[in-house]
Amino acid sequence: MRIVSLAGGIGGARFLRGLLSAAPGAEITVIGNTGDDITLFGLRVCPDLDTVMYTLGGGINEEQGWGRAAETFTVKAELAAYGMEPQWFGLGDRDFATHVIRTQMLAAGYPLSQVTEALCDRWRPGVRLLPMSDDRAETHVVITDAEGRRAVHFQEWWVRLRASVPAERILLVGAEEAKPAPGVLEAIEAADVVILPPSNPVVSIGTILQIPGIRPALEAKTVVGVSPIIGGAPVRGMADACLTAIGVETSAQGVLDLYGSALLDGWLVAEEDAEVSLAGVRVAARPLLMSSPEATRELAAAALALAVELS
Ligand code: GDP
Ligand code: CA
């Protein structure tokens with residue numbers, strides 16, 4: 001069986017671990033969000049691709065959900081001692097090596113998709129990990145604070161400001177000109193089913209869907225999504241701040257309406273959200289908390305079973 005999954009960071013990566021365990025024989029292609037990517041200290045950082053790669057490759061900091069296990073922060077402290085900005089983004093010593101290699105390969109002319117493949121040679125994530133695009137398309141957020149009304153990089157709003165300043169607009173700069181990375185449309189075309197994990201519906205899944213060509217390709221497929229919202233709240237993180245910014249209610253119904261029936265065939269919600277509905281979409285209630293590897297495998301198995309049933 002061929003499965004395509006879109007993924008942001010932590011929520012997506014954890015779900016994918018469950019999917020690998022629920023479908024050991026499947027050929028899984030993951031289309032990763034690169035809208036969060038940022039250049040720091042001259043290095044290209046791809047937080048969501050790395051979270052997927054480290055999580056599936058066994059190198060993740062399990063408690064935190066991002067960054068490397070057994071990490072130290074000597075380089076960060078040395079940069080800070082020079083007064084180098086920004087100091088609000090946590091890059092660990094082990095993690096730095098990934099960004100040095102990525103930056104060196106990009107400078108040598110390799111596209112991000114080939115760089116990602118090279119990095120995955122070490123991590124063996126068990127899936128084919130593709131960036132949504134080799135082109136630069138970065139999420140920016142329009143805010144008004146003491147410095148006035150301005151657009152800041154998504155990471156500055158999310159990490160430095162902890163989304164505490166309301167987002168007036170969230171936009172993917174460069175989206176119109178970006179092309180899907182090599183292999184993305186081919187993988188969707190060849191897929192038996194597509195699964196949308198509980199990733200951020202605005203700045204992870206929503207970003208991938210904005211790359212021209214990806215949404216129409218997905219609409220031709222059997223797609224099952226897992227709600228990232230349970231009982232009106234994001235399970236963890238600040239997805240509600242992103243949904244509010246685009247005028248969508250933070251609810252399983254709100255995200256279902258946002259994705260829409262052209263994209264979705266099935267939608268998994270928590271028991272307490274069992275009443276949500278949309279014509280043309282099969283809604284099923286399941287335990288949605290990825291509270292243990294077993295619970296996550298069960299959730300992934302349920303999403304896959306629904307997709308197979310609907311295909
Ligand atoms: P991020 O980089 O941390 O934002 O990771 P993602 O982009 O993958 O999004 C995480 C999203 O998944 C958050 O918006 C949460 O609402 C959702 N989430 C996190 N843990 C769970 C869980 O156990 N179950 C479900 N259904 N959703 C979750
Ligand atoms: Ca993310």
Side-chain angles (χ1 to χ4, degrees), residues 1-33 48-49 51-60 62 65-66 120 123-130 187-188 190-201 204-205 208-209 218 221-231 234-237 239 252 255-256 259 263-274 276 281-311:
M1 178 157 46
R2 295 197 179 104
I3 305 171
V4 161
S5 186
L6 312 192
I10 305 173
R14 288 197 173 139
F15 180 85
L16 287 169
R17 196 153 55 179
L19 187 62
L20 271 167
S21 144
E27 203 180 290
I28 304 174
T29 301
V30 176
I31 302 169
N33 171 39
D48 283 356
L49 292 180
T51 296
V52 171
M53 185 173 79
Y54 294 155
T55 301
L56 301 185
I60 199 78
E62 291 288 346
W66 56 271
C120 284
W123 291 103
R124 310 254 157 213
V127 301
R128 181 166 180 229
L129 178 60
L130 300 174
I188 297 172
D192 297 305
V193 293
V194 175
I195 311 277
L196 307 185
S199 278
N200 189 305
S204 293
I205 305 285
I208 301 169
L209 294 176
L218 292 171
K221 292 288 162 174
T222 303
V223 180
V224 167
V226 178
S227 175
I229 307 298
I230 300 180
V235 183
R236 52 163 291 282
V255 181
L256 169 59
Y259 287 158
L263 176 66
L264 287 179
D265 297 281
W267 186 233
L268 287 191
V269 298
E271 307 284 351
E272 63 236 71
D273 297 314
V276 314
V281 180
R282 174 93 66 86
V283 175
R286 293 282 183 287
L288 239 53
L289 273 184
M290 299 188 286
S291 46
S292 68
E294 297 70 37
T296 308
R297 187 184 57 230
E298 289 296 313
L299 174 58
L304 190 55
L306 182 59
V308 169
E309 188 189 334
L310 295 173
S311 67

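What you find for Ala295 and Leu289 is that their closest heavy atoms are CB-O, 3.6 Å. Taking both residues in full, the closest heavy atoms of Pro201 and Ala239 are given as CD-CB, 4.4 Å, listed atom of the first, atom of the second, then distance. In this structure, Gly9 and Ser204 approach most closely via the heavy-atom pair N-OG, 4.4 Å. Counting all heavy atoms, side chain and backbone alike, Ser227 lies closest to Pro198 at O-CB, 4.0 Å.
At distances below 3.5 Å, not a single donor-acceptor pair connects side-chain atoms of Lys221 with backbone N or O atoms of Asp192. Ser5 contributes a side-chain N or O that, together with a main-chain N or O of Ile195, makes up a donor-acceptor pair within less than 3.5 Å.
Among pairs with a residue in residues 263-273, none fulfils salt bridge (Lys or Arg N to Asp or Glu O under 4.0 Å), at least two apart in sequence or across chains.
No side-chain heavy atom of Val226 sits under 4.5 Å from any side-chain heavy atom of Pro197. Side-chain atoms of Trp66 and Ile10, non-hydrogen and from C-beta on, do get closer than 4.5 Å to each other.
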Might you work through the side chain to side chain contact (heavy atoms under 4.5 Å, CB included) test for Leu263 and Leu218, ending with a clear yes or no? CA-CA 7 Å; Leu263 176 66; Leu218 292 171; 3.7 Å; yes
Apply side chain to side chain contact (heavy atoms under 4.5 Å, CB included) to Val235 and Leu288, showing your working. CA-CA 10 Å; Val235 183; Leu288 239 53; over 6 Å; no
Would you sort out whether Arg128 and Val30 count as a side chain to side chain contact (heavy atoms under 4.5 Å, CB included), showing the intermediate values? CA-CA 6 Å; Arg128 181 166 180 229; Val30 176; over 6 Å; no
Evaluation steps, side chain to side chain contact (heavy atoms under 4.5 Å, CB included), between Ile3 and Val194: CA-CA 6 Å; Ile3 305 171; Val194 175; over 6 Å; no
Run the ring-ring contact (aromatic ring centres under 6.0 Å, His included) test on Tyr259 and Trp267 for me, step by step, so that the C-alpha distance in whole Å, both residues' side-chain angles and the decisive distance to 0.1 Å come before the verdict. CA-CA 10 Å; Tyr259 287 158; Trp267 186 233; 5.8 Å; yes
In residues 301-310, what donor-acceptor pairs under 3.5 Å come from side-chain atoms, sequence neighbours left out?
unit_1	atom_1	unit_2	atom_2	d
Glu309	OE2	Arg282	NH1	2.9
Glu309	OE2	Arg282	NH2	3.4

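Residues that satisfy the salt bridge (charged side-chain N to carboxylate O under 4.0 Å, His left out) test with Glu62, not counting sequence neighbours, are Arg17.
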